[in-house]
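For reference, the structure is listed below as structure tokens.
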Amino acid sequence: MRLKNGRPVWTDAKSAAEAVEIQRKLADRVFQNPFAGEIEFVAGADVHSTGGGKLRAVVSVLSFPSLEVVEDCFVETSPRFPYVPGLLSFREAPPLLECFKKLKTWPQAALFDGQGVAHPRRFGLASHLGVLLDLPSIGCAKSRLFGACAEPDDKKGAKADILDGEGRVIGAVLRTRENVRPVYVSLGHKVSLGQAVAVVMACVTRYRIPEPLRRAHGLAKG
DNA sequence: GCGACAG
DNA sequence: ATCTTGTCGC
């Protein structure tokens, strides 16, 4: 992997094989334990591909649980890695890291538009960013990448386990409101699955997507 | 060999 | 993710 200031840059891979190698290396650092303490601010992070072949990353910080906007941060860059299922973070992490670096208000937890440990190597976007930022993180994806799951009841708050090949629970398919497709929640880093689900539900208003992510997504598209 | 496949 | 308007349904 590339080096910067003599230290490895854990988001830069020159090939898919190298990216997988980095994921295997960093996956051990993921803490699946619950955090203690109150959340005062939550962040929502999303990246949008613009028509001009650029990536526009947005991180929005909201108060918790009142969900009032505190800060929005934007960063636009050229993609350094293509989109490859399972390697999303190598494309989206660089601009997102720049956004977090610019934040004036540091959140106690962050929501990401992608998977956490519900990933082939237990190291999706939310886990990758959580580890690099040493921040409690939660994956909240709009569709499934890995794992088997049943369809949760069509009632707000209903959920079903996401299981890996060995039958271990790696996430939850969560119905955030009636008559909408469920979202795929998994812990990213320094949170338990129960906390992840609770935080997502606490951030849901009248829409399918939790407010921090919905706002970041809306701002990223313009 | 044949599907599946975050954004 | 992107190409794309109006329209049906809760």
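Predicted model only: the values in this text are computed from it and were never measured. In what follows, every chain begins at residue 1, and chains take the letters A, B, ... in the order their sequences are listed.
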### Task
Nearest whole angstrom, please: distance from the P of dC5(B) to the CZ of R121(A).
16 Å
### Message
On DNA chain C, compare the nucleotides closest to S49(A) and R177(A); which residue's is nearer the 5' end?
### Response
S49(A)
### Query
Expressed in angstrom and rounded to an integer, what is the separation of K156(A) atom NZ from dC10(C) atom C1'?
15 Å
### Query
By centroid distance (under 5.5 Å) and plane angle (under 30°), are Y83(A) and dA1(C) in a stacked arrangement?
no
#### Entry: Worked verdict on L103(A) versus E71(A) for side-chain contact (heavy atoms from CB on, under 4.5 Å)
CA-CA 8 Å; L103(A) 289 183; E71(A) 175 179 0; 3.6 Å; yes
### Query
Rounded to whole angstroms, how far apart are CG on L96(A) and C1' on dG7(B)?
11 Å
### Query
Across the strands shown, which category fits G139(A) at heavy-atom distances under 4.0 angstrom: base, sugar-phosphate, nothing?
nothing
### Value in whole Å for how far the P atom of dA6(B) lies from CG of L88(A)
9 Å
### Query
Is the number of heavy atoms from other residues, nucleotides or ligands under 6.0 Å of F31(A) CZ greater than 12?
no
### Message
Walk me through whether K190(A) and D134(A) qualify under salt bridge (charged side-chain N to carboxylate O under 4.0 Å, His left out).
### Response
CA-CA 8 Å; K190(A) 287 188 165 182; D134(A) 189 31; 2.6 Å; yes
## Note on the structure
R208(A) atom CZ is separated from dC10(C) atom P, nearest whole Å, by 19 Å
### Message
Looking at H217(A), I'd like to know whether one of its side-chain N or O atoms comes within less than 4.0 Å of OP1 or OP2 on dG7(B).
### Response
no
#### Entry: Residue among H48(A), K142(A), H217(A) satisfying side chain to side chain donor-acceptor pair (under 3.5 Å) with D113(A)
K142(A)
### Query
Between K142(A) and dG7(B), does any side-chain N or O lie under 4.0 Å from OP1 or OP2?
yes
### Query
Sub-3.5 Å donor-acceptor pair from the side chain of D154(A) to the main-chain atoms of N179(A), do we have one?
yes
### Query
Within the structure, does a side-chain N or O atom of Y184(A) lie under 4.0 Å from either OP1 or OP2 of dA6(B)?
no
### Query
Does NZ belonging to K14(A) count more than 12 external heavy atoms closer than 6.0 Å?
no
#### Entry: R206(A) CZ - dC10(C) C1' separation (whole Å)
12 Å
### Query
Can you tell me how far P of dC5(B) sits from CG of L87(A), to the nearest Å?
16 Å
### Query
How does DNA chain B look in dot-bracket form if you count Watson-Crick and G-U pairs under 3.5 Å, write [ ] for pairs that cross, and put | where a base pairs with another strand?
.......
### Query
Does R144(A) put a side-chain nitrogen or oxygen below 4.0 Å from OP1 or OP2 of dC5(B)?
yes
### Query
Taking the side chain of H48(A) as its heavy atoms from C-beta onward, which of dG7(B), dA6(B), dT2(C) lies nearest to it?
dT2(C)
### Query
Rounding to a whole Å, what distance do you find between F90(A):CZ and dG7(B):P?
18 Å
### Message
Closest-nucleotide mapping onto DNA chain C: is E178(A) or G51(A) further toward the 5' terminus? I mean the 5' end.
### Response
G51(A)
### Query
Taking atom types as modelled, is there a side-chain donor on S78(A) or K54(A) under 3.5 Å from an acceptor on the other?
yes
### Message
With a 4.0 Å cutoff (strictly under), does any side-chain N or O of S89(A) reach OP1 or OP2 of dA6(B)?
### Response
no
### Query
For H119(A) and F146(A), what are the C-alpha separation, side-chain angles and deciding distance, and is it a ring-ring contact (aromatic ring centres under 6.0 Å, His included)?
CA-CA 5 Å; H119(A) 176 280; F146(A) 180 78; 7.6 Å; no
